[in-house]
Structures are given as structure tokens and as C-alpha cells.
S.K.: 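Here it is, the structure in full.
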Amino acid sequence: MNIKITLPDNSVREYPKGSSAMDVAKSISEGLARNVLAAKVNGEVRDLNRPIEEDAQLTLLTWNDAEGKNTMWHSSAHLMAEALEFYYPGVKFWVGPPVQNGFYYDVDFGGEVFSADDLKKIEDKMAELAKQSNAYVRKEIGKEEAIRYFTERNDPYKLDLLSNLEDGSITLYTQGNFTDLCRGPHIPNTGYIKAIKLTNVAGAYWKNDSNNPMLTRIYGITFPKKSELDAYLAMLEEAKKRDHRKIGKEMEIFTFDDDVGPGLPLWMPNGAVIIEELERLAKKTEAMAGYKRVRTPHLAKESMYLTSGHLPYYADSMYPPMEFDGEKYYLKAMNCPHHHKIFKELNPSYRDLPIRLAEYGTCYRYFGIEKYVMRFSTHEPSKLGQKYVDNPVLWKETEDMVRQVLIESNIPYVEVPDEGAFYGPKIDVQVWSAIGREFTLATNQVDFAVPARFGLTFRNAKNEMETPICIHRAPLGTHERFIGFLIEHFAGNFPLWLAPEQVAILPISDKFNGYAKKVLQVLINSDIRGLVDDRDEKIGKKIRDAEIKRLPYMLIIGEKEEQDFTVSVRQHGKGDQGTLKVQDFVDKIQAEVKELLSV
RNA sequence: GCCGAUGUAGCUCAGCUGGUCAGAGCUACUGAUUUGUAAUCAGUAGGUCGGGGGUUCGAAUCCCUCCAUCGGCUCCA
């Protein structure tokens, strides 16, 4: 008897009943049979060798499919468990799922410390076991039998899992000397795993509950080819090189000091230049949009944050208050309450609206990149009055309004429930750093609560008092985050307008230091940031150092240049660009900056 | 808060089974060299080995404690 198998391209093939997905793969091509890792049968991911008993939609999953990768990594977790059991007989296992980049297994070593130094021997053992190409064997088992099995093995974790499983749906998988309670699926045998790297060991609470004991979580990743592992490791190295903490220090952008305190950056001269350039751009943009600048103090009394309503929500992320004359003062964690006070003093009429205020103040909160996404955060109705201001009508109104704006402006976004601010919905720009950390860069927040708390009003056209709605904006987020993002995005190779130092003037020998300084003066007079490397070094060394410092332009000058009042231009990463008159170089730089800044 | 790692000269790191273990490279400084597109040579200087306490005849090294940094504590057989 035959069954009909429908493949993703909608072609239909007939096979004897009970054929496996592997049989299908073999019938299509030898290469496919070699690369296939698992099969999706009628939407369910299954082992390749399980017989198919009826007509089915079949997708053969390879390393190029997320589900194929996950199957491989899940099987790798079992392989790691086998290796661990070899060296640590009696260890207990909790769960070992595939994750974003690889897999982990949570392990109870019974008090023994397992540290990163122990990873290598496990890795080696895994490689040895992988070579044996042991099959992953599936076995269906009754619940009672399963309970007996894991009771005998004195395994409280698997018994805990079993307690939530239904009889008839329980399976064990065995490869080599290791058997685990597992729903599968798995790759056919351990030989598919060709490259192994155990990456990290960390603590993780059992069931993610800090009241529970802590298990040892071991992270790893595997590949079907050695070359893919090498590429992955190279990618990690590359990301590490972009880490803003490393580059920031290297380029003398910012530093931290134990005496100043954690999370309190000291912006060095190079960092200050970047901040000032960014603010200059932001100020210009805001001025064009009708914003007016204000300045407010770094402190405010507790009463203001009680009025605004921030204190209960932000207490954890604000520094503790300082007391003076019986009053509590807080370092400001946000500008908006101060700005509400200014609004009140302005006492506007509807003709004055909207009032647009902007400030680049220092706020205090306790606490690489190629992609970003607009995140529209909304509230969770069940949490009104707790996490959110209790005003369901305004929530609905403003959320609909913001959604409409996003759609009409053609801005792609993802909607995230239960992430709104306590006073209203918000739009964030989410980015991912080179080292994989997600954070919020810029934010726009609708606020229909705080203006009322401050008693803000304006006079409407009917000469009645009305409460305004406030929109909070943080176009740059914090300097730390924004500049951190820029560092990683550019890997420290800032565009000309942001580069702390734009031009290095490199005299061939000290005979030309005088001319170099003249050229520097011309640059300075033209608002170009430059320096002269007048060290007693050979030109090759000066160039090398300027390249390492990521200086966008180098001007090499010697006898020829001095005679003709020219400079020999070299561009960072691009090499020799020929000779220009000094004034032509100035024009070129100014034009380039202008072009970069005209968005 | 918890688990693990790390903290040695301005920077990157070696030394850490206790006794020529206080080192290297870069940087800085001095001198020689006067250099044409990614490292000239030589010399000099620089450190309470994160802070504090303890064990010992003797501690960078072992123990305790505190501080700071990094990774993790989300992806449920």
C-alpha cells in the first residue's frame, strides 16, 4: 500500500506505507539525505526515521532551517549530558533546550563546583562520543514505568517533569550510555555533530525562581561543519572588537573610576567633542521644529516627584534622597517634572500650543549594532491602578492615536503589550549592541496623566480651562547609550563630522614642523579639528599610529608640500589620495561635513 | 540578591603547586637618527600586585571579608 507525500513545492510522490522521512530524502537526492536533520510531518517536527503511516505534508529540515538547527542543538545537549555523566557520575539533569545560539543544560552537581576550566574536557569527551555516531533511539513508555525508572535513578528533577505529563505521551531517548526523558525530536545519530564549543557556565535558579536552589547552566553550540564553528568564533571576536567599552577606552572617549562610582562616566575631551556635535545637530533640528530650550536644576524636592507620580514607579532606579533642613531632595532621573513646572508658569492659551520644550540635562539613574526596531509599547488592562494610571478611556484613545500615527507615517513597528510607561503608551527605538545586548535608544511617550497631577491647564477657544497632554521625548536617549551605539555601529570609525580628531598633520621630518603648524592654524581657523604629530619618528610610524587611532584624514607634508603650500592627503583605511592645495583640502573637508550633516 | 570568572606599571598581559616573582611588549621620557604613505635603534623611568584582615620565618601566590568589572540567572522533557 502506498501513501502520498506532498513536498513544500507541492509536488506529490508516492511511497510505501511506513516509509520514513529519511527514505524520502534518499529518494530525492543523496546530498539531501546527507544534510537533512529532522522532518516536519503535517506541521509536527519529528525524527527522520519514524515511519509515516498516512498521506502527509512533508518538509525535510536541514541546518538552514531554524527547526533543523534546534534539533541538532537539542541533540547536542543530550550529548553534553552524556559527557558530563561520564566525568561526574550521579549528576542530575533538569532541562536542556536549544536556544538562540546553541543550547544549554541545567545541571545539579550536588554541591561540586563546575567552572569554565572544566569545559574543555567535556568538550573533548563530546567530540569522542560524537565520532562514535551513536543513534538517538526513541522509546515510548508508560507513565508508571517512567516514574519507576526515574525513581530508581533517584532523579527528582525528571520526576518533577513527569508529574506534569500525561500517560501515553511520554518518550525516552537514548544515545550511547545516556538516557533522558525527552519529547524529541533528535538527529539520527551523534555523528552529525562535527564541531563543538562549550561557551559558558553560569548559575540559573531551578524553574527560574530565586527561592529555589541554583543549578549550573552550561552553554554550548555545535555545527555540522568545522568551518562554520570557526566562522562563528571569528564573528564573536569581531563583535568583541566593536564593544563600545573597549573602543571607548582605546579612543579616550570616556572612562570610569572607582572613586567616582559605578555607572558614572567621565567624558574625556574626545567624548565631549562627540557630545557637543550631537547636541549641535539636535538643537538645530529642534529649533527648526519649533522647540525652545530650557535649563533646570539637578535636584528637586520629594514633593515634586510625589506630585508627578514618578516616585513610586522609579524609586528603585533613583538614587536615595539627601536630606537638608528636614526636606528630602532627589537627584533628577528625568527632566519632565521640571518642565511641567515651566509650562505652568507660562500659563499658555490654546493659541500658544503646542508648547515645545527641550533640555539636554544630566539625569541620574541607578543602575554594535546593525539592526533596530520601532517598539510601540501599550498597557495591560489588568494592571490599571497598579503599574498603570487608571484611566481606561484615555489609554484606549491615546494608543489608537499613536498606532494611527505610526501607520500613517509608514513607520514599521512591533507592538509590545504591557511595556507602556505608567502615564501612557510610548514608542521606543530598540537597538542591539555588538555584544548582543538590547537597549532603548530614543523614546517618545504620550502622557495623559502627569499634566493633570501638576494641575497644568491652558485656556481653550471657549475661554475654558483644559488639561493638556504631554509628549515626552528623548531623541538621543542617554549619552552613554547613544554614543555607545555609535561606537559599535561605526566600530570607532566615526564619520568626519563626529570624529573627535579629524585630521592628523604628519611632517616627514622635524624640518617641516613649522609648516605643519601653519597648516594646522589654517584648519583650526576653518573649524576643522586637527593635530600635528611632531614626534621624532619616521613617517611610516606616524601613519601607522594615525591609522590605529582611526583618524579620518592624514596630511603628509615635506619639502614639496612646503614649497607649493600643498598637502599630501591620505584617508583612513583608503590610503594615498594625492596632493591638494591647503585651501582646496579645507574646502573638501567642509563640503564633506556639510554633506554628512544634511539629512 | 544569587552562580561563575576577573582585578599585577598609563595600556595589553605573563608570573599565582608560597622563598632571585615583582616581569614582557606597547605608551611616556632621554639620546642617536632627519626620515616620503601601517612599527629606526639604544637607554631611562614607571607598580602599597583592587582595599582591609588573617595563616606563615616568609604572601602577588593560601584563607576570610569588602569593593569593582565581565558573563549568566528569558527561550521549560
Side-chain angles (χ1 to χ4, degrees), chain A residues 70 73-74 77-78 81 93-107 109 113-119 141 146 150 155 157-165 169-173 179-186 199-219 240 243 245-246 249-250 252 255-263 435-438 504 506-513 535-549 554-561 568-579:
Chain A
N70 281 345
W73 285 337
H74 188 185
H78 282 233
F93 298 101
W94 171 231
V95 297
V99 290
Q100 196 93 53
N101 280 309
F103 58 90
Y104 68 77
Y105 219 125
D106 280 346
V107 187
F109 283 93
V113 173
F114 182 90
S115 76
D117 299 334
D118 303 311
L119 292 178
I141 184 176
F150 285 106
D155 189 335
Y157 298 106
K158 298 300 172 184
L159 287 171
D160 184 275
L161 288 170
L162 273 172
S163 67
N164 294 318
L165 299 180
S169 69
I170 296 167
T171 51
L172 298 183
Y173 275 84
T179 297
D180 201 358
L181 176 68
C182 182
R183 103 184 120 196
H186 284 283
T199 49
N200 198 7
V201 44
Y205 294 109
W206 185 40
K207 295 187 179 177
N208 191 33
D209 183 341
S210 58
N211 296 315
N212 284 336
M214 193 157 246
L215 301 172
T216 304
R217 177 168 295 181
I218 306 173
Y219 287 90
K240 242 180 166 173
D243 190 329
R245 293 166 301 195
K246 180 178 150 62
K249 188 166 188 157
E250 246 172 47
E252 297 181 344
T255 186
F256 291 91
D257 186 281
D258 279 1
D259 273 336
V260 178
I435 49 174
R437 191 172 286 171
E438 177 184 4
L506 313 177
I508 294 287
S509 82
D510 62 9
K511 286 187 218 154
F512 311 107
N513 285 353
R535 293 176 304 166
D536 190 2
E537 292 286 355
K538 291 171 80 168
I539 192 65
K541 170 72 166 165
K542 293 184 184 182
I543 288 170
R544 176 181 160 80
D545 287 349
E547 290 279 0
I548 288 171
K549 282 167 71 184
M554 286 149 270
L555 301 180
I556 289 104
I557 58 173
E559 198 171 353
K560 281 190 305 227
E561 288 77 11
S568 173
V569 181
R570 181 187 167 100
Q571 201 171 354
H572 173 51
K574 291 186 181 158
D576 197 345
Q577 304 287 301
T579 300

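Labels below follow one simple rule: chain letters A, B, ... track the order of the sequence lines, proteins then strands, and each chain is numbered from 1.
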S.K.: Tell me which pairs pass salt bridge (charged side-chain N to carboxylate O under 4.0 Å, His left out) where either residue lies in residues 94-103 of chain A, with sequence neighbours left out.
M.R.: none
S.K.: Any idea which of B:C76, B:C11, B:C75 is nearest the A:Lys249 side chain?
M.R.: B:C11
S.K.: Would you mind classifying the nucleic acid contact of A:Ile539 as base, sugar-phosphate or nothing, using non-hydrogen atoms under 4.0 angstrom?
M.R.: sugar-phosphate
S.K.: Need the pair for B:G23. Rule: Watson-Crick or G-U wobble, both distances under 3.5 Å, any strand; none if unpaired.
M.R.: B:C13
S.K.: Mark yes when over 12 heavy atoms from residues, nucleotides or ligands other than A:Gln577 sit less than 6.0 Å from its CD; otherwise mark no.
M.R.: yes
S.K.: My understanding is that a pair needs two contacts under 3.5 Å, Watson-Crick or G-U wobble. By that rule, which nucleotide pairs with B:C70?
M.R.: B:G4
S.K.: Do A:Ile218 and A:Tyr105 have side-chain heavy atoms sitting under 4.5 Å apart?
M.R.: no
S.K.: How far, in whole Å, is B:U8 from B:U69 if one measures between their C1' atoms?
M.R.: 16 Å
S.K.: Rounded to whole Å, how long is the line connecting atom CZ of A:Arg535 with atom C1' of B:U27?
M.R.: 10 Å
S.K.: Which protein N or O atoms sit under 3.5 Å from an N or O of nucleotides 2-9 of chain B?
M.R.:
from: B:C2; atom 1: O4'; to: A:Tyr205; atom 2: OH; distance (Å): 3.2
from: B:C3; atom 1: O2; to: A:Gly203; atom 2: N; distance (Å): 3.2

S.K.: Taking NE2 from A:His74 and P from B:C75, how many angstroms apart are they, rounded to a whole number?
M.R.: 14 Å
S.K.: Could you tell me how far B:C67 sits from B:A22 if I compare only their C1' atoms? Round to whole Å.
M.R.: 24 Å
S.K.: Contact class for A:Ile556 (heavy atom, under 4.0 Å): base, sugar-phosphate, or nothing?
M.R.: base
S.K.: Who does B:U55 pair with, Watson-Crick or G-U, both distances under 3.5 Å?
M.R.: none
S.K.: With sugar-phosphate meaning primed atoms plus P, OP1 and OP2, does A:Val95 contact a base, only sugar-phosphate, or nothing at under 4.0 Å between heavy atoms?
M.R.: sugar-phosphate
S.K.: Separation of A:Tyr104 atom OH from B:G71 atom C1', in whole Å?
M.R.: 16 Å
S.K.: Expressed as a whole number of angstroms, how long is the span from A:Ile543:CD1 to B:A38:P?
M.R.: 6 Å
S.K.: Could you state the interatomic distance from OG1 (A:Thr171) to CZ (A:Arg183), rounded to the nearest 0.5 Å?
M.R.: 9.0 Å
S.K.: Name all residues meeting the side chain to side chain donor-acceptor pair (under 3.5 Å) criterion together with A:Tyr205; count only those two or more places apart in sequence or in a different chain, and write none if there are none.
M.R.: none
S.K.: Using atom P in both nucleotides, what's the gap between B:U35 and B:G71 to the nearest angstrom?
M.R.: 50 Å
S.K.: So A:Arg217, base contact, sugar-phosphate only, or nothing? Heavy-atom distance under 4.0 Å.
M.R.: sugar-phosphate
S.K.: Write down the distance separating the C1' atoms in B:U17 and B:U30, rounded off to the nearest Å.
M.R.: 43 Å
S.K.: Under 3.5 Å for both donor-acceptor distances, Watson-Crick or wobble: does B:C75 have a partner, and if so which one?
M.R.: none
S.K.: If you restrict it to nitrogen or oxygen atoms, what contacts under 3.5 Å exist between nucleotides 39-45 of chain B and the protein, and what is each distance?
M.R.:
from: B:A39; atom 1: N9; to: A:Arg544; atom 2: NE; distance (Å): 3.3
from: B:A39; atom 1: N7; to: A:Arg544; atom 2: NE; distance (Å): 3.1
from: B:A39; atom 1: N7; to: A:Arg544; atom 2: NH1; distance (Å): 3.1
from: B:A39; atom 1: N7; to: A:Arg544; atom 2: NH2; distance (Å): 3.2
from: B:A39; atom 1: N6; to: A:Arg544; atom 2: NH2; distance (Å): 2.4
from: B:A39; atom 1: N1; to: A:Arg544; atom 2: NH2; distance (Å): 3.2
from: B:U40; atom 1: O4; to: A:Asp536; atom 2: O; distance (Å): 3.4

S.K.: Indicate, with a heavy-atom threshold strictly under 4.0 Å, whether A:Ser169 touches base, sugar-phosphate, or nothing.
M.R.: base
S.K.: Tell whether A:Ser509 reaches the base of B:U35 with its side chain through a donor-acceptor pair below 3.5 angstrom.
M.R.: no
S.K.: Verify salt bridge (charged side-chain N to carboxylate O under 4.0 Å, His left out) between A:Lys541 and A:Asp545, making sure each step is shown before the conclusion.
M.R.: CA-CA 6 Å; A:Lys541 170 72 166 165; A:Asp545 287 349; 3.7 Å; yes
S.K.: Work out how far the C1' atom of B:A60 is from that of B:G50, and round it to whole angstrom.
M.R.: 12 Å
S.K.: Just how far, in rounded Å, is P of B:C75 from NZ of A:Lys207?
M.R.: 13 Å
S.K.: Tell me what A:Glu252 touches on the nucleic acid: a base, only sugar-phosphate, or nothing, going by heavy atoms under 4.0 Å.
M.R.: nothing
S.K.: Given the C1' atoms of B:C70 and B:A24, what is the spacing between them in whole Å?
M.R.: 25 Å
S.K.: Rounded to the nearest angstrom, tell me the gap between atom CG in A:Asn211 and atom C1' in B:C73.
M.R.: 14 Å
S.K.: Does A:Asn164 have any side-chain contact (heavy atoms from CB on, under 4.5 Å) partners at least two apart in sequence or in another chain, and if so, which?
M.R.: none
S.K.: Which part of the nucleic acid does A:Asn200 contact within heavy-atom distance under 4.0 Å: base, sugar-phosphate only, or nothing?
M.R.: sugar-phosphate
S.K.: Answer yes or no: is there a side-chain heavy-atom contact under 4.5 Å between A:Phe150 and A:Tyr157?
M.R.: no
S.K.: Any salt bridge linking A:Asp243 with A:Arg245? Criterion: basic side-chain nitrogen under 4.0 Å from a carboxylate oxygen.
M.R.: yes
S.K.: Kindly say whether A:Asn513 contributes a backbone atom to a donor-acceptor pair with the side chain of A:Asp510 at under 3.5 angstrom?
M.R.: no
S.K.: Choose from B:C11, B:U35, B:C76 the nucleotide whose nearest atom is closest to any side-chain atom of A:Lys511.
M.R.: B:U35
S.K.: If you define the side chain from C-beta out and look only at heavy atoms, does anything of A:Leu119 sit under 4.5 Å from A:Phe114?
M.R.: yes
S.K.: Taking CD1 from A:Ile548 and C1' from B:U37, how many angstroms apart are they, rounded to a whole number?
M.R.: 14 Å
S.K.: Find the distance A:Gln100:CD to B:G72:P and express it as a whole number of Å.
M.R.: 13 Å
S.K.: In the strands shown, is B:A60 matched to any nucleotide by a Watson-Crick or G-U wobble pair with both distances under 3.5 Å, and which?
M.R.: none
S.K.: Name the pairing partner of B:U44, where a pair is Watson-Crick or G-U wobble with both distances under 3.5 Å, or state none.
M.R.: B:A28
S.K.: Taking the nucleotide of RNA chain B with the closest heavy atom to each, which residue, A:Asp510 or A:Asp576, is nearer the 5' end?
M.R.: A:Asp510
S.K.: Taking only residues two or more places apart in sequence or in another chain, which ones pass salt bridge (Lys or Arg N to Asp or Glu O under 4.0 Å) with A:Lys246?
M.R.: A:Glu250
S.K.: Under 4.0 Å, counting only non-hydrogen atoms across every strand here, what does A:Leu165 touch: a base, just sugar-phosphate, or nothing?
M.R.: base
S.K.: For A:Tyr157, which contact category applies under a 4.0 Å heavy-atom criterion: base, sugar-phosphate, or nothing?
M.R.: nothing
S.K.: In whole angstrom, give me the gap between the C1' atoms of B:C21 and B:G47.
M.R.: 13 Å
S.K.: To the nearest 0.5 Å, how far apart are OG1 in A:Thr216 and CG in A:Asp106?
M.R.: 8.5 Å
S.K.: Any strand is fair game: report the nucleotide pairing with B:A38 by Watson-Crick or G-U wobble, both distances under 3.5 Å, or none.
M.R.: none
S.K.: For B:G25 versus B:U34, give the span between their P atoms, rounded off to a whole number of Å.
M.R.: 26 Å
